[in-house]
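Notes to accompany the following structure.
Naming: A, B, ... by sequence-line order, numbering from 1 per chain. This structure is a prediction, so every number in the text was calculated from the model and none was measured.
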Amino acid sequence: MDKTNLDLILENYLRNPFRSLGLSLLIALFASILLIGGLLSLSLSDGLKRLSARLGADVIVIPQGSEINDQTVLLQGDTKYKYLPQGSLEYIRSLSGVKAATPQYFLITLSASCCDQKVSIIGFDAKSDFVIQPWIREVLAGKLPQGSIVVGSEISTGEKKTLRFFDREFPVAAKLEPVGNKLDQAVFVDVATLASIREAAEAKGVTFLDEALSYSSILIQLKEGADVDRLSREIHSRFDGVQFRTRKDLFSGLQNSADFLRIVVWSIVAFVLILAAVAVVISFSLSARERRREYALLRIIGFTRKRLQNLVLGEALLVSSVGTYVGLLFASVVFFTFQIWIGECVEVPFIIPTAVEIAGVYAAVMFLLLSVGPVAVYGVAKKVSRIDAYAALREVEH
Amino acid sequence: MILNASNLYKTYTRRGDEFNAVDQVEFFAWSGDFSVIFGESGSGKSTLLSLLAGIHRPTKGSIVFNGIDFASLTDAELSAIRNDKIGYIPQDAVFLPQFTVLENILLPRAIRDGKKIRVEDISELTDLDIFSKLESLGIAHLVNEMPAELSGGELKRASIIRALVNKPDIVIADEPTSNLDEANGKNVFELLTELVQFGTSVIVATHDARGFKYGNRLYTMLKGQLLPSGESDYGGL
């Protein structure tokens with residue numbers, strides 16, 4: 001674009017600041033909603049993906065009465081102190097279709113040196129575990145040292161890198177990557193360390209319902225082609241008071257919540273997009289009508305139809321650009337300042353996307369928004385380019 | 001011959017009836033001609049000028065400018081001719097309100113050269129002879145004003161200077177002395193006469209009787225038809 005057009009575009013933008021800035025602010029609002037919506041949607045998607053990957057099991061067996069409907073078991077590390085019947089692990093391992101089964105144990109402490117809130121302690125059997133240890137291997141080379149613990153991403157370990165449970169210090173070997181739910185506030189220990197924590201608790205006068213360490217859940221990996229329904233029937237016919245939940249069951253509620261949130265977000269985005277486009281079209285139509293004589297003059301002194309069209313499109317692009325950059329700046333400040341609060345509000349797994357993913361969202365938002373103005377006013381620009389310069393001058397003159 | 005219009009028609013439809021605003025016009029102009037077209041309002045003068053200036057396409061007939069038929073030109077080619085070779089002065093002065101009078105005057109040059117419209121330093125424009133023309137029309141002191149600050153007559157004179165800024169081969173002026181007092185009207189005719197002396201062809205549509213004095217080809221427009229009124233070998237000299 002030559003300097004003449006650039007000058008005209010800039011001056012026309014500044015000439016009616018209320019109109020131009022008003023439109024830019026509308027685009028900025030749209031940019032903000034689109035960016036936050038995009039990042040939110042991606043965060044939810046990443047959270048669910050990470051959580052699903054973390055589960056590592058095809059089926060989970062838990063005690064009846066655990067709040068499985070809210071996906072609290074495993075997903076939130078809260079079993080309400082219910083345990084599976086004795087012998088259930090051995091029986092499950094003996095069933096055909098089961099590739100591997102591993103138990104998990106849950107303890108909930110009312111306080112710890114790390115946190116003001118309850119901390120879930122999740123114990124795993126190091127020999128058979130195929131769920132927790134792969135997570136640990138992501139952040140810790142080698143085996144978990146005896147007596148050490150691994151903590152979720154949101155647990156603060158202080159300079160000493162230890163956590164105190166019932167007056168006993170436990171060294172923190174590693175901190176896990178975030179998954180976007182209460183597992184980020186959990187502590188992971190092997191069975192021996194869990195027994196040590198129980199011992200410390202008992203020494204402080206805490207009593208447990210069961211004397212021995214009981215399973216809170218059993219996680220099952222299935223063989224290829226295993227009949228899930230038959231497995232469920234076999235387990236239920238042998239034990240009362242157990243629930244059998246597949247990965248799909250566990251995630252359907254979360255998936256639905258995430259899908260609903262996405263629909264809400266994208267509906268708002270669509271509404272604001274339409275609003276922005278309509279406002280831009282109306283504003284540019286009115287402006288084009290007001291400026292018919294100016295366009296006529298430009299035609300008379302040498303503007304081609306194409307150049308006149310580009311002038312209008314350029315003005316729309318400038319309006320879009322200012323709005324986009326203001327909106328992106330505002331939304332970035334809001335989203336990254338309040339990301340933790342947003343994550344808590346949505347109540348589904350929420351992971352801040354990677355830098356590459358974030359860059360992708362910014363690029364997509366910029367592309368969409370920089371085009372919304374020119375695309376919306378394309379019809380107006382086309383009409384302006386077809387102006388009958390002579391008639392436009394005479395309409396006003398007479 | 002610089003301009004030759006032949007068998008020219010411009011037809012409009014008004015309340016379902018067709019009428020010829022320009023009706024079978026034959027017109028030619030040589031370099032250094034001062035053609036003056038008289039006629040009542042609505043006689044078709046402005047329409048004819050818009051056709052000759054390449055602003056409008058005729059319904060029928062041909063316009064050949066410097067040997068090039070307008071009909072054979074693309075929009076870009078015709079626009080370039082309007083910008084550089086034809087100086088058109090509309091009946092009512094139109095200005096871009098966000099630019100100064102000087103920037104408006106220089107607009108055709110900025111468009112031709114693809115340069116900025118904003119004039120940052122007026123001293124850089126000393127190569128232009130527009131200042132003498134601005135002086136001759138009495139508006140040199142107004143060039144840094146915004147168009148809204150000027151009267152209708154002052155804008156009219158500024159629009160005349162704008163039409164000359166690219167040193168066109170032909171100047172087409174629609175009522176160039178309307179809104180002007182006696183003295184300023186005379187100055188405008190004298191400026192146009194000066195152009196004629198340097199070989200520019202000038203075509204003026206006017207009610208102003210002084211046109212008889214300055215024109216060397218005189219016409220009358222009547223219901224779309226162009227009728228020769230007289231001819232002088234020396235125009236206004």
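Heavy-atom distances place the side chain of B:Arg162, and not its backbone, under 4.5 Å from chain A. For a residue to count as touching a neighbouring chain, one of its non-hydrogen atoms must lie under 4.5 Å from one of that chain's; by this rule B:Ile55 touches chain A with the side chain only. Of the two parts of B:Ser41, neither the backbone nor the side chain holds a non-hydrogen atom closer than 4.5 Å to a non-hydrogen atom of chain A. Contacts of A:Leu8 with chain B are made by both backbone and side-chain atoms, with heavy-atom separations under 4.5 Å. For A:Ile300, the parts lying near chain B are the backbone and the side chain together; criterion is any non-hydrogen pair under 4.5 Å. Using a 4.5 Å cut-off between heavy atoms, B:Thr74 does not touch chain A at all. For B:Phe95, the part lying near chain A is the backbone, with the side chain staying farther off; criterion is any non-hydrogen pair under 4.5 Å. Looking at A:Arg291, neither its backbone nor its side chain comes within 4.5 Å of chain B, counting heavy atoms on both sides. Residue A:Asn12 touches chain B through both its backbone and its side chain, counting heavy-atom pairs closer than 4.5 Å.
When side chains are defined from C-beta on, B:Leu142 does not count as touching B:Arg157, because their heavy atoms never get closer than 4.5 Å. In this structure, B:Asn184 and B:Leu137 have side chains that are not in contact, with every pair of non-hydrogen atoms separated by 4.5 Å or more. Residues A:Trp266 and A:Leu34 are in side-chain contact: their nearest non-hydrogen atoms beyond the backbone lie under 4.5 Å apart.
Partner of B:Leu192 under the side chain to side chain contact (heavy atoms under 4.5 Å, CB included) criterion, out of B:Val36, B:Thr177, B:Val202: B:Val202 alone. Checked options B:Asp92, B:Asp174, B:Val94; the residue passing with A:Leu393 is B:Val94 (criterion: side chain to side chain contact (heavy atoms under 4.5 Å, CB included)).
Counting heavy atoms of neighbouring residues, nucleotides and ligands inside a 6.0 Å radius, atom CZ of A:Phe271 does not exceed 12 of them.
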Report task. Could you walk me through whether A:Glu290 and A:Ser287 pass the side-chain hydrogen bond (donor to acceptor under 3.5 Å, both in side chains) test, one step at a time? Result -> CA-CA 5 Å; A:Glu290 282 168 16; A:Ser287 166; 5.2 Å; no
